[in-house]
Amino acid sequence: MNWKEFTNNTAFFLVFTVGYYLFEPFCTNIEWNYRSKSYKYCNYDGSDLFWYFLVYSLIVFALFRPVAKRLLRAFTGEGKSISSKEYNHNTSKKTRKVDNNNLPPTWETSKNTNFDITKIISEEADEGSIDHSRFLKALFRVFYFIAESDGKIDPKEEDVMDKHIYKICRRSMENQSYVLYSLGSIKKEIKDEKKRLLGPEVHIIKKFIANDLSHLNEVYESIVQCITADKILDPRELDILETIDSVFNIKENEILLNTRDSVILELETDQIFIYYKWYFKILKRQGLVEKIKKYFNNQYIKWKTLEQSQYDHLIMKSIKIQKIIFNLRRDI
Amino acid sequence: MGNFVGIDLGTTFSLLSVFKEDGTSEIIYDELRFLPSVVYFGESETVFGDGAINAAEMLEDNVVFQIKKKMPQNLKYSLSFNNSKYSPEDISSLILRKLISDAEIKIGKIDTATITVPAFYNDIAREATRNAALKAGIINPTIINEPVSAALYYSRTKNTNGKVLIYDLGGGTLDCSVAEINGDNVKILANRGDSFGGSDFNEKLFDLINQAYIKEKGVPISSNLEKSRMANYLKIELYKKLLDKQSEIKVSIDGDNGNYQFSILSSDFHNKIEEYILKSEMIIETLLEELKLDKSEIDEVLLVGGSTRLPLIQDHLKKTLNKDKLNTTANVDEIVCLGASINCALRNQDDQSPEQKTNLGDANLSDVVNKYYGTRILNQAMNKRVNMVMINKNDSYPTSYTHVFETVSDNSRLSCILTESEISTEDLNFTEIIGETLLDDLGSGRGPGMPIEVTFTVNRDMILKCSYKDIKTGKEVFLDTDLNVVE
């Protein structure tokens, strides 16, 4: 264990605190009476207590600042590892992005409703032993597992995570700054972790939101967006996606499958080719010939929409991808 | 009583038929019975059909083939000849005008006609076809899907009954439709199609010939392959027909580096067009899947379109649909056109003579919408712009759907975006925008949460019309998909 880990370790901090309060009295004016099993205050005065606490505070400040901060937050109920300025900045940036969207004014369906995130969270937490905090940690661990799979965390991948935080905030009826601080704190904490596992964390996510399809879909969409953030599908990311898909049982879930498609099919033609080939192999490995046919027939019909497009580049893309689909279908 | 005319405006050739007093339909064009859909814009005159093909063979510029394939891009695509710009709609109107003026010599004035279009055509192409007919002088044009027209003809003349698959592979388009035929009642259940046909097979054959030429001479047939392909139009068509009957044919081609004679195997040609066979298989599978139908539930397969004569296509259909026999009892080139004139009579019952009324009987035709039509909205819960489907594919038309939306911001100007797609989806990437405009006529200055009533209607020609009504002020705007405000 290096020095940094030592100073960041809650157990060491507690050992130090207990030790300090047990042994410091010997060095100051307080004595331990073994018979009465209590402190015996000898020559005690207020200034001794002040110096006693001051020395303790200085040592804690010098050695155990991160742990002390964490414990203080736990007591006061406030979470903040990223400065409020930084997060406020991020929020306003997101708002500006939405306002600046070039699309023309739109309509809103009258069926739209706002969700109370806190209510959803408490209801879901009651369903299993996983609490919301554990779920969020698991989610960020999955995000960072994906982000680090190619050796470095891309700012675009961080953007996806921030966007997901923003989505949670939008749905929340709580004070948005508070939710932002909490989520930002969890995100930073997970980012600082040294080791992460994928499978168990995906299972935690699945268990926590399995019964809420819209939430599951939203989370899955963000996960796939994180995978495609750098616009390239590398083999490690596809392996991760396969693990996640098998936990989420995507082959039986048309909604999630459509979500995955809609995110990945925004990529360039060469990446779509990689994706189709990858999924074709998975289905073929599982011997699902009828499923391959159905899936690729649907993809063909989907791309055909763009064949009659007013834009030549979309027509070209549609034709190229149709060719890819034919070649794969031929290989069944 | 007027003439009830049906026009098959084809990719490679066009036909015209008339519904007669005795309740039958007849092709009334010249002795060849069809007009090649080719136009040559000469300096002094515009030439159609064989004359235009001759011009192409003489390597003239300004020859237009297969304009029908460009109709879905009518709003963006245009060609320039002799300092004038022509849209696909304009060129189609010239072909229609030629057909009508030739036919009028034989049967008199034509005011009413049904024009056939591929079932998979988008809304822009349908509207463009209708506009082309209006430009050609038809006062009351109506539109019908080609397989529907064929089903109508089969139902009246061939005693076809039951659940049928109409397989229409023409010069440039494939349409597959499943219909229920019960006497004179034809009910279409679903359509699927693609934009390939016999002319694409010709192109593949030309590619094959060009490859052989390069192998022998080291250079392509011509530096301008497109022009060379048009110049050899009839020759390639002939070779294709020969390859249907023989396993090997002798080919002679003139190119920039002289003449070359060689043999082509039918198996090589079949390999070249394999991708179209696969496309066709995927279309049929998707159509049956869409209707949750098993192959065994299809009672009969009706063939329509010249390209269904290819043994390769017939073998593929037998294999894909597990059928020993296909219905080949009608003239596959003419069925669509003949059905169109019957439809023209049905659509204009008030103008029928008593004899025609008796002969038409209680014929009833019901078709379905071929795409999903929707509008782009903001889903506030997801803070995401999505597509909302307003009219579903396979709904019988005419049909209408109304939904009340609310404005979300303080925008003083309202806009609308109309979409169509092959699948029911919220994903904007897989929708095609067929109309996009500001609704200034509804007025401005409204805040968020104001109700706007949006109505989508698919009319009897399967053309989409929309209306937008500000419920508070009562102001209403009507739009068609080329975004003309309809008076």
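Residue numbers begin at 1 in each chain, while the letters A, B, ... track the order of the sequences.
Contacts of A:Gln299 with chain B are absent, with no heavy-atom separation under 4.5 Å from either backbone or side chain. For chain A, no part of B:Lys69 is nearby; none of its heavy atoms comes within less than 4.5 Å. Heavy atoms closer than 4.5 Å to chain A are found in both the backbone and the side chain of B:Asn122. For B:Ser195, the parts lying near chain A are the backbone and the side chain together; criterion is any non-hydrogen pair under 4.5 Å. Looking at B:Tyr77, there are no atoms closer than 4.5 Å to chain A (heavy atoms on both sides), in backbone or side chain. When heavy atoms are compared at a cutoff of 4.5 Å, B:Glu281 approaches chain A solely by way of its side chain, counted from C-beta outward. Only the side chain of B:Lys371 comes within contact range of chain A, judged by heavy atoms closer than 4.5 Å.
Side-chain contact between B:Glu275 and A:Lys323: present, with at least one pair of heavy atoms (C-beta onward) separated by less than 4.5 Å. Side-chain contact between B:Lys384 and A:Glu221 is present, with heavy atoms from C-beta onward closer than 4.5 Å. Between B:Asp194 and A:Glu307, the closest side-chain pair of non-hydrogen atoms falls below 4.5 Å.
Between B:Glu422 and A:Lys302 no salt bridge is recorded (no basic side-chain N to carboxylate O distance below 4.0 Å). Taking a cutoff of 4.0 Å between a charged side-chain nitrogen and a carboxylate oxygen, A:Lys293 and B:Glu289 do not qualify as a salt bridge.
Applying a 4.5 Å heavy-atom cutoff, the residues of residues 324-332 of chain A that approach chain B are A:Ile325, A:Phe326, A:Arg329, A:Arg330. Of all residues in residues 255-263 of chain A, those placing a non-hydrogen atom less than 4.5 angstrom from a non-hydrogen atom of chain B are A:Ser262. Annotation: residues 270-286 of chain A contacts chain B through no residue [non-hydrogen atoms, separation under 4.5 Å].
Within a 6.0 Å radius of NZ in A:Lys320, no more than 12 heavy atoms belonging to other residues, nucleotides or ligands are found.
A:Glu252 pairs by the salt bridge (charged side-chain N to carboxylate O under 4.0 Å, His left out) definition with A:Lys291, not counting sequence neighbours.
For the set B:Glu290, B:Met71, B:Arg192, the count of heavy-atom pairs under 4.5 angstrom toward chain A peaks at B:Arg192. Looking only at heavy-atom pairs under 4.5 Å with chain A, the residue among B:Glu420, B:Glu426, B:Lys76 that has the most is B:Lys76.
Taken to the nearest 0.5 Å, the CD1 atom of A:Ile301 stands 9.5 Å off from the CD1 atom of B:Ile423. Rounding to the nearest 0.5 angstrom, the gap separating the CD1 atom in B:Ile283 from the OH atom in A:Tyr300 is 4.0 Å.
Shown here for B:Asn429 and A:Leu306, the closest heavy-atom pair between the two residues is O-CD2, 3.6 Å. Pairing each heavy atom of B:Phe430 with each of A:Thr305, the nearest pair is O-CG2, 3.5 Å.
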